[in-house]
Colleague: 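Submitted below is the structure of interest, expressed as structure tokens.
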Amino acid sequence: MSAARCCGSPQALAGIFVWHLKKTGIRQVPCQFVHLCRAPDGRLITFQYFNFLRRMYVTQYNKDLSQRVKPKSDSVVSPFRESQLDQERKVIHKITPVSPVHHPPLSELREIKPAAETGDPARPPTAESKEERQWREMKLRLDDLPGILARLSKIKLTALVVSTASAGFAMAPVPFDLPCFLLASLGTGLASCAANSINQFFEVPFDSNMNRTKNRPLVRGQISPLLAVCFAASCGVPGIALLTMGVNPLTGALGAFNIFLYTCCYTPMKRMSIANTWVGAVVGAIPPVMGWTAATGSLDAGALLLGGILYSWQFPHFNALSWGLREDYSRGGYCMMSVTHPELCRRVALRHCVALIGLCTVAPILDITTWTFPIISLPLNLYISYLGFRFYRDADRSSSRKLFFCSLWHLPLLLLVMFSCKKSLLEKEEKGDALSGSHGRAVEIRLP
Amino acid sequence: MAAVGAARALRAGGCRYSRFSSSFSSGGGERAGPRFRPPAGSRRDWIGPPDKRSNLRPVIFHVPPHESPLERRLRELREETQAWNQSFWARQNTAFQREKEEFIYSRLKARGLEARDETGQPLCSSSVYVPVIGQKVTLSAEEMADFYKDFLRKNFRKHMRYNRDWYKRNFTITFLMGQVALVRALRWLRWRSTNAGNQ
């Protein structure tokens, strides 16, 4: 029986607190992540320490010790009395050494400081001075600026967008042109930064109220709205100009359209109608199309197929993510399928998982890849479809999380497999000579 | 001119901050306002920890000694928007909590699993220990989903109005900030050129 266990938050992965047993009679196995300690009476206590989950408060109720991220807030007075709380005693505060906990088998416990101290600041009983210390001057510090701008532009999402655009470029049936590739990637990245910054600019009060987004730069006042807009303009304008003039006008137009779709359609629609998910899926599908048009200069079936694959992928990815955020969405006023039409949400996710199988089969028909691609990608797509089916059937938090995390590695892997199965140009030329007609492909128009 | 300005500033205590007490706290009036007072020499705005009810961070705006009408208009708009935002979200979050607890209680009651403590007061939380049955009873996420859907639907119109107002205010504030920044930049350039001319 372990003395320390996770508090019952559904997000808990494992207990993350490390308690250091001071008693000499206790043997410790030093290990970065796991401390195994044997109490004098022979019971084993295990802890796991994850740096990114911090539970800094320990409360005791009836000899049970549990951990939570924040102390139980008393600001919202419940109309119903919760007697359990009255008996809870706050035993240990945030990472400060405390007097021994009165727990018979373990007479002396002391917390050790986690390696990184971040997260919400502590609120000890004498709160005022602590609260005063949390006030920050709204001054832009230049050495913080790169980090702030990275968070403002959602740099990780931007990187994913650029990689899908690169995949589109790589899959295009033309000889690889490195300068064009770099320009297209840079332009797409800048356009994505601009769109993300504007999105955050619009959503400050909503982001403040959701746990996932409450540490964004504008919410925390690290940057002013004016600066955020200027940054967006200084990314967006050069980005689109680069795409239009350095690559081709079609790609530039697609980039500008995507920014417009994301900032002026998707962002406001999130609060108006569940159709925002479909619009958002189109936003995610456009970057690979942009990559393709950057390489070939034309919008043909291959581009649309790649866009279709990304479009279908968005649904299991987003619907699974949104399943765990229903409370925040409801409170914040976001119209999402997971809140208003939960059954539809799961059905659509499953539908599009299965559609991925079909789309991957179309790829060799359109001469983009060889027939090995649908064969190799079948296990991947079947697995995500299986998880989609589990999500549809079980409709619980664990199946939604599994589906979401699967979607994160499924897409890069699929694109990699697709690239490795790409039909080589030599093969296609020979085939083109042998057969008189094309496979119904659109006539390519070379743009200047 | 500069000496008069400096003297005025000194008389004013170095710098002034907007007296924000009454408009800061939202519908409940539990607090008189932010107890924090920025340090005397500071000439910038200060931002605090998230408010417990509205989750928005309060800002104390600095009033510069020679505030132009444009700057004043910007500051007042920001203060008013902040108060409006704080009040909306505090009301929204409080209503959400309250309705959630009522929902949980009514569902548990409907299931005949009403739990009471010694004084006869009903207990309620999303997980309740029922002494008679001797097990913990929780409302699953699926049951809560009915509440979330209902809450969203009931507040849809309110959110639509809020969105429209928020976008208008956000744009106006940012536009005014741009104007103020431009005016300040021009003033600084003019000062630079007159200084360079004098030398």
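Computed from heavy atoms alone, side chains included, the values below leave out hydrogens, waters and symmetry copies. Each chain gets a letter, A, B and so on, in the order its sequence line appears, and its residues count up from 1.
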Colleague: Take atom NZ in Lys154(B); do more than 12 heavy atoms of anything else shown fall under 6.0 Å from it?
Modeller: yes
Colleague: Do the non-hydrogen side-chain atoms of Ser338(A) and Tyr148(B) ever get within less than 4.5 Å of each other?
Modeller: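 No - every pair of side-chain heavy atoms lies 4.5 Å or more apart.
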Colleague: Which atom pair, heavy atoms only, marks the closest approach of Thr174(B) to Pro225(A)?
Modeller: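 Closest approach of Thr174(B) to Pro225(A): OG1-CB, 4.1 Å.
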Colleague: Atom NZ in Lys149(B), atom CZ in Arg326(A): separation rounded to 0.5 Å?
Modeller: 11.5 Å
Colleague: Considering only heavy atoms, which portion of Cys230(A) lies under 4.5 Å from any heavy atom of chain B: side chain, backbone, both, or neither?
Modeller: neither
Colleague: Assert yes or no for the condition that the ring centre distance of Phe151(B) to Tyr329(A) is strictly below 6.0 Å.
Modeller: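 That pair fails the under 6.0 Å test.
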Colleague: Top residue by heavy-atom pair count (under 4.5 Å) with chain B, among Asn209(A), Val339(A), Val204(A), Asp396(A)?
Modeller: Asn209(A)
Colleague: To the nearest 0.5 Å, what is the distance between CH2 on Trp46(B) and CE on Met138(A)?
Modeller: 11.5 Å
Colleague: Is Met177(B) in contact with chain A via its backbone, its side chain, both, or neither, using a 4.5 Å heavy-atom distance?
Modeller: both
Colleague: Taking the side chain as C-beta and beyond, is there a heavy-atom pair between Ser330(A) and Phe147(B) under 4.5 Å?
Modeller: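 Not in contact.
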Colleague: Just how far is it from atom CG of Asn55(B) to atom CZ of Phe206(A), taken to the nearest 0.5 Å?
Modeller: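 The CG atom of Asn55(B) sits 13.5 Å away from the CZ atom of Phe206(A).
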Colleague: Do you know the tightest heavy-atom contact between Gly333(A) and His159(B)?
Modeller: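 The answer is CA-NE2, 3.4 Å.
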Colleague: Please give me the minimum heavy-atom distance between Asn85(B) and Pro205(A), naming the atom from each residue.
Modeller: OD1-CB, 4.2 Å
Colleague: Tell me, for Phe171(B) versus chain A, whether the close heavy atoms (under 4.5 Å) come from the side chain, the backbone, both or neither.
Modeller: side chain
Colleague: Mind checking the OG1-CG spacing from Thr267(A) to Asn163(B)? Nearest 0.5 Å is all I need.
Modeller: 11.5 Å
Colleague: Side chains of Pro50(B) and Lys214(A): does their closest heavy-atom pair fall under 4.5 Å?
Modeller: no
Colleague: Do you know which two heavy atoms are closest between Phe201(A) and Trp166(B), and how far apart they sit?
Modeller: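 Nearest pair, atom of Phe201(A) first, then Trp166(B): O-CZ2, 4.4 Å.
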Colleague: Are any of the side-chain heavy atoms of Leu226(A) and Ile173(B) separated by less than 4.5 Å?
Modeller: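 The answer is no, as the side chains (C-beta and beyond) never meet within the 4.5 Å cut-off.
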Colleague: Go through the atoms of Tyr334(A) and report whether side chain, backbone, both or neither lie under 4.5 Å from a heavy atom of chain B.
Modeller: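 Only the backbone of Tyr334(A) comes within 4.5 Å of chain B.
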Colleague: Hey, what do you get for CD (Gln92(B)) to CZ (Arg331(A)), rounding to the nearest 0.5 Å?
Modeller: 9.0 Å
Colleague: Decide if atom CZ of Arg393(A) counts as having more than 12 heavy atoms of other residues, nucleotides or ligands within a radius under 6.0 Å.
Modeller: yes
Colleague: For Ala95(B), is it the side chain, the backbone, both or neither that has a heavy atom under 4.5 Å from a heavy atom of chain A?
Modeller: neither
Colleague: Any chance you could measure Asp45(B), atom CG, to Glu137(A), atom CD, to the nearest 0.5 Å?
Modeller: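 It is 9.5 Å, given to the nearest 0.5 Å.
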Colleague: If you compare all heavy atoms of Gly332(A) against all heavy atoms of Trp89(B), which two are closest, and at what distance to 0.1 Å?
Modeller: O-CH2, 3.7 Å
Colleague: Check whether more than 12 heavy atoms from other residues, nucleotides or ligands sit under 6.0 Å from atom CZ of Phe175(B), and answer yes or no.
Modeller: no
Colleague: Please find the pair of heavy atoms, one from Arg57(B) and one from Val219(A), that lie closest to each other, and give the distance.
Modeller: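 Residues Arg57(B) and Val219(A), closest heavy atoms: CD-O, 3.3 Å.
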Colleague: Tell me, side chain or backbone of Val229(A) under 4.5 Å from chain B's heavy atoms, or both, or neither?
Modeller: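 Side chain only.
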Colleague: Side chains of Arg153(B) and Thr340(A): does their closest heavy-atom pair fall under 4.5 Å?
Modeller: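 Result no, sub-4.5 Å side-chain heavy-atom pair not found.
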Colleague: With a 6.0 Å cut-off (strictly less than), is the heavy-atom count around CZ of Arg73(B), excluding the residue itself, greater than 12?
Modeller: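 Open: at most 12 neighbouring heavy atoms sit under 6.0 Å from CZ of Arg73(B).
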